[in-house]
Amino acid sequence: SHEIRTPINGMLGFLGLMRKTGLTQVQQKYLLPVEDSARSLLNIINDILDFSKIEAGQLRIEHEPVDVREVIGHVVRLFEPLAAEKGIDLDAEIDAKVPEAVISDATRVGEIISNLTNNAVKFTDQGRVLVKADRVAQSDGDDRLRIEVYDTGVGIPSSQVAELFEPFHQAESGRDRRYGGTGLGLTITKNLVEAMHGSITVDSEPGRYTKVAVEIPCPVADAGEALRARSTRREALGDLSFDGSGLTVLVVDDNDINRAFLAALLTHYGMSVAEAASGHEALFLCDRGVFDVVLMDIHMAQMDGVETTKRLWQSEDQAKRSLVIAVSADVVGEQERRFDEAGFNGFIAKPIDERALINVLVRYFPDRFDHKVGLPPGPPSASGAAVLDRVAGIRMATGNEPLWRRSVAQLLDIVPEQLRALHQAMAARDYGQVKQRAHHIAGSAGYVGAQGLVVAARAVESAGDRCDDPKIPACLGRLEQEFARVQALAPEVLANDTPSALSSGS
């Protein structure tokens, strides 16, 4: 697992850093498919590794407070852009009987819902996908959480339903070629559900619909556990305005790429960074100077991160104790308890997410985080994405707010011309031009944080790519509506006033 994931994690890390270097539009165009391909490869790797873990009997189920509404909301937000690109609706319905929090495994519940939603969106070309949650009373008093994912997609013949849960299998070879995938998603889902003492059923009619229903035990969490679930949820940051200047960080990792990525990321926030390629080297450096933070890789040759940390605590003056953050691809379950016993102050999973890293640092250095008080969320777009995300736009402009404002002004000039060209291309049935013009709008909108406009433009681009003439007018209408929203908010940006109506994130 470690050896397979490390190279792809390094690729994703440096691709993320590359986006911070002020790329041209052409460079951005080339970078995005590389990132998408890398993430797709990581998803395949994760599927195979999860399946191997299940086969080896190493699957563990945790029992912790789970905020079901937040888990479903996260999954829906994750797949909204893909659904919008395909021109389908993605909604969620959660019955009032579902408790604020239940005792289950948040990671596994999220994985189950994500796998089912991914399949539903993938195999639906028109109509909708609906994720529903309900609490089902049982005669024995053991109530269950029922999750249903319904779609109006291609459907499955009843004769093939049983085969869906076989590993590396998809219903039709034609669908394999069209939709891709490992064929492990439903196999993993079924094993997860059964490991949680639940059940999974499929009801489908070819060409009309598919409904997959999962039921798992859901003991209700008490008030304190529910509060803890909500507090965990609210730790997510809306902005990454973290001032790391003056902080010293030691990055300990025996992989050159991982060290270089973390060093570059931390330097971006103003921190001073030293590197150690082994546990022994880390102890040597810590013996000669005190670091504010040590990012400790767990899987290292000769002496791993846990042993290194234990020795660090034995040798270091308690009054000068550094914060030591564990970095690992498997910080769950027994591993987390092992890290806690070793004295770690926090955990970050690989591949390292920039937001998760800053989130950990904020816990110990809260005065260095600017929460952007006074910038309340503005009105969302029709797609639910931000109309103009000021924080994201300024970040794309490498922190240069005047540059962001100029970019917004340029967007207002560029899009009307592109919209006129789109209408002409549609009238001429020139789908290549439809796709190209929509792609240009999406790229330009992304640079300024006009996320709703990006989603709408991608939907037009996707319809053009499929030469889907009936859908293009409706998608184009949504694109024009999103641009009208941007135009309505833009005067506040160009007037250089406090953008109180702008979103600070979606």
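Starting from 1, each residue takes its place in the sequence as its number. As a basis for the values below, the full set of heavy atoms in this structure was taken, side chains included, without hydrogen atoms, waters or symmetry mates.
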Check: Going by heavy atoms in the side chains, are Leu186 and Asn115 under 4.5 Å from each other?
Finding: no
Notebook entry, point to check: Of all residues at least two apart in sequence or in a different chain, which pass the side chain to side chain contact (heavy atoms under 4.5 Å, CB included) check with Val71?
Noted result: Val66, Val109, Ile113
Check: Nearest 0.5 Å, what's the CD-CG distance between Gln481 and Leu453?
Finding: 12.0 Å
Check: Considering residues at least two apart in sequence or located in another chain, which fulfil the side-chain hydrogen bond (donor to acceptor under 3.5 Å, both in side chains) criterion with Arg478?
Finding: none
Would you be so kind as to tabulate the donor-acceptor pairs closer than 3.5 Å made by side chains of residues 415-423, with sequence neighbours excluded?
from: Gln418; atom 1: OE1; to: Arg437; atom 2: NH1; distance (Å): 3.3
from: His423; atom 1: NE2; to: Glu480; atom 2: OE2; distance (Å): 2.7

Margin query: Using 0.5 Å steps for rounding, measure from the CD1 atom of Ile72 to the CD1 atom of Ile147.
Written below: 4.0 Å
Check: Who passes side chain to side chain contact (heavy atoms under 4.5 Å, CB included) against Ala120, sequence neighbours left out?
Finding: Val129, Val149, Asp151
Checklist line | Under the salt bridge (charged side-chain N to carboxylate O under 4.0 Å, His left out) test, residues paired with Asp134 that sit two or more places apart | finding: Lys97
Checklist line | Asp89: partners by salt bridge (charged side-chain N to carboxylate O under 4.0 Å, His left out), with sequence neighbours left out | finding: none
Item checked: Straight-line distance of Met271 CE to Leu262 CG, nearest 0.5 Å -> 10.0 Å
Notebook entry, point to check: By side-chain hydrogen bond (donor to acceptor under 3.5 Å, both in side chains), which residues pair with Ser204, not counting sequence neighbours?
Noted result: Thr210
Note to self: Any heavy-atom pair between the side chains of Arg128 and Asp91 that's under 4.5 Å?
What the structure shows: yes
Notebook entry, point to check: Considering residues, nucleotides and ligands other than Glu205, do more than 12 of their heavy atoms fall under 6.0 Å from its CD?
Noted result: yes
Note to self: Rounded at 0.5 Å granularity, tell me how far CZ in Arg458 sits from SG in Cys475.
What the structure shows: 14.0 Å
Item checked: Reported OH-to-CG distance for the pair Tyr269 and Leu361, which is rounded to 0.5 angstrom -> 10.0 Å
Item checked: Under the salt bridge (charged side-chain N to carboxylate O under 4.0 Å, His left out) test, residues paired with Asp430 that sit two or more places apart -> none
Notebook entry, point to check: Which of these passes side-chain contact (heavy atoms from CB on, under 4.5 Å) with Ile112: Ile200, Thr189, Val212?
Noted result: Thr189
Checklist line | Pairing residues for Tyr209 by the side-chain hydrogen bond (donor to acceptor under 3.5 Å, both in side chains) criterion, not counting sequence neighbours | finding: Asp203
